[in-house]
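To keep things clear, I will list the structure first and then write my remarks on it.
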Amino acid sequence: MNSLLQISDLEVCYGDAQALFGAAVSVAEGEFVTLLGRNGMGKTTTVRAATGIMGSRKGRVEFAGQDVSRWPSYKIARLGIGLVPEQRQVFPNLTVYENLVATAHNRLNRKDPWTLARVYKLFPRLQERAGNLGANLSGGEQQMLAIGRALMTNPRLLILDEATEGLAPLVRGEIWDCLQSLKNTGLAVLVIDKNIGPLLRIADSHFILEKGRTVWSGSSASLLAAKDVMKETLGV
Ligand code: ATP
């Protein structure tokens, strides 16, 4: 499989405090990958640095065959990364419809681009709520909207930071089903989440961060077999 995203030797500081000491993650075309680790180990920082949101970083980030290590976030996004950030960050004063069309584009000239109709088919709830303000949605609806908004940019890679955090079990199930169906379309996905069960079922491979370093990577089958790794690094 061709590599789509390749993060290597990533180092990031918040002021004097170093948060990443050599994070490494790779995602191939069409692959479903997770970034795992306990709280504060550097998962969000890795995603923010790789997508250019955190300006000051060391190391190398390649996306779609280009070295984007020094690129600003808007340029990296245009190259085809759709980010569903922590806390969703939907536009509270825009309607669902407006949120979806606000950032929509098909710069990569996809043959089968994401449209409103396609997003509404994936999440019928969003169509029912089309005229509602972002602020008035439930947590699950906001997450669906954040995913839909990212898809409307026609990404080659969808990144979700805390895919199901704070959602009711039933809604979590809907999000996992959606991610499975996106994987089935061939979209590459990188997910941060604490629910290891569904991730082991859906994901192809996993990267585990500990204190800002990637300490383990491998397939779902090898992670399932590595009970000691799961206990030591994830506490499960
Ligand atoms: P969580 O699962 O809790 O979201 P995480 O694995 O995503 O954790 P990060 O949020 O990336 O971890 O945090 C990595 C380290 O960087 C932690 O020690 C954290 O305290 C620190 N950190 C994160 N954001 C900031 C910030 N804005 N300023 C200073 N330190 C920060």
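When a residue number appears, it is its place in the shown sequence, counting from 1.
Counting only distance, with no hydrogens or angles, the side chain of T164 and the backbone of R172 share no donor-acceptor pair below 3.5 Å. Checking side-chain atoms of S69 against main-chain N and O of V61 turns up a donor-acceptor pair under 3.5 Å. Within the 3.5 Å criterion, the main-chain N or O of I202 finds a donor-acceptor partner in the side chain of K183. Judged purely by atom type and a 3.5 angstrom limit, S222 has no side-chain atom pairing as donor or acceptor with the backbone of G218. In terms of modelled atom types and a separation under 3.5 Å, the side chain of T95 and the main chain of G131 share no donor-acceptor contact. Remark: the backbone N or O of G59 is not paired with any side-chain donor or acceptor of D9 at under 3.5 angstrom. Listed for the K43 side chain is a donor-acceptor partner under 3.5 Å among the backbone atoms of R38. Of the possible donor and acceptor atoms, none in the side chain of S205 sits under 3.5 Å from a partner among the backbone N and O of V33. Listed for the D204 side chain is a donor-acceptor partner under 3.5 Å among the backbone atoms of F32. Although no hydrogens or angles enter the test, the distance criterion places a donor-acceptor pair under 3.5 Å between the side chain of E141 and the main chain of S138.
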Practice item. Given side chain to side chain contact (heavy atoms under 4.5 Å, CB included), test L122 with S181 step by step and report yes or no. Key: CA-CA 9 Å; L122 184 67; S181 74; 3.6 Å; yes

Exercise for review: In sequence, state the C-alpha distance, the side-chain angles, and the governing distance for T214 and I208, and then conclude on side chain to side chain contact (heavy atoms under 4.5 Å, CB included).
Suggested key: CA-CA 6 Å; T214 299; I208 300 181; over 6 Å; no

Point to revise | Derivation of the side chain to side chain contact (heavy atoms under 4.5 Å, CB included) call for L133 and L94 | key: CA-CA 5 Å; L133 292 181; L94 297 187; 5.9 Å; no

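Residues D193 and W176 have side chains in contact (heavy-atom distance under 4.5 Å, counting atoms from C-beta outward). Residues R57 and E11 form no side-chain contact, since every pair of their non-hydrogen atoms from C-beta on lies 4.5 Å or further apart. Looking only at side-chain heavy atoms (C-beta outward), T51 and S73 stay at 4.5 Å or farther from each other. In this structure the side chain of T233 never reaches within 4.5 angstrom of the side chain of W216, judged on heavy atoms. Counting heavy atoms from C-beta outward, I159 and V27 have side chains that stay 4.5 Å or more apart. By the 4.5 Å heavy-atom criterion applied to side chains, L190 and L158 are not counted as neighbours. Residues Q143 and L167 form a side-chain contact, since some pair of their non-hydrogen atoms from C-beta on lies under 4.5 Å apart. Using a 4.5 Å heavy-atom cutoff, the side chains of E62 and V68 are not in contact.
For the residue pair A104 and L100, the shortest heavy atom distance occurs at CB-O, 3.8 Å. Scanning both residues, A188 and G30, for their nearest heavy atoms gives CB-N, 3.7 Å. For the residue pair T153 and G82, the shortest heavy atom distance occurs at OG1-CA, 4.3 Å. The shortest non-hydrogen separation linking A163 to L179 is CB-CD1, 4.4 Å. Across every non-hydrogen atom of N99 and R149, the tightest pair is O-CG, 3.5 Å. For N136 against R129, the heavy-atom pair with the smallest separation is O-NH1, 4.4 Å.
For the atom pair CD1 (I7) and CZ (F207), the distance works out to 9.0 Å, reported to the nearest 0.5 Å. To the nearest 0.5 Å, atom CZ of residue R88 and atom CD of residue E162 are 9.0 Å apart. The distance from the OG atom of S3 to the CZ atom of F63 is 10.0 Å, given to the nearest 0.5 Å. Atoms CD and CG, on Q89 and L83 in that order, are 8.0 Å from each other to the nearest 0.5 Å. In this structure, CG on L160 lies 8.5 Å from CG on L182, to the nearest 0.5 angstrom. With values rounded to the nearest 0.5 angstrom, L145 atom CG is found 9.5 Å from F123 atom CZ.
A salt bridge is defined here as a Lys NZ or Arg NE, NH1 or NH2 lying under 4.0 Å from an Asp or Glu carboxylate O, and D161 with R48 fails to meet this definition. Salt bridge R60/D67: present, at least one basic N to carboxylate O contact under 4.0 Å. Salt bridge annotation for E29-R156: present, with a cationic side-chain nitrogen under 4.0 angstrom from a carboxylate oxygen.
Transitive grouping of hydrophobic side chains (ILVMFWY, heavy atoms separated by less than 4.5 Å) brings V84 and V96 into a common cluster. With hydrophobic clusters built from ILVMFWY side chains whose heavy atoms lie under 4.5 angstrom apart, I196 does not share a cluster with L35. In the hydrophobic clustering of ILVMFWY residues, with side-chain heavy atoms under 4.5 Å counting as a link, L10 and L79 come out together. The same ILVMFWY cluster, assembled from side-chain heavy atoms under 4.5 Å apart, contains both I192 and M41. Grouping the Ile, Leu, Val, Met, Phe, Trp and Tyr side chains by contacts below 4.5 angstrom, directly or via other members, places I81 apart from L151.
The side-chain hydrogen bond (donor to acceptor under 3.5 Å, both in side chains) pairs that include a residue from residues 116-125 are R125-E174, where partners are two or more places apart or lie in different chains.
Annotation for E98: atom CD counts as buried by contact number, over 12 foreign heavy atoms lying within 6.0 Å. Crowding of Y97 atom OH: a count of heavy atoms from other residues, nucleotides or ligands under 6.0 Å not exceeding 12.
Between the side chains of H206 and S217, not a single donor N or O lies within less than 3.5 Å of an accepting N or O.
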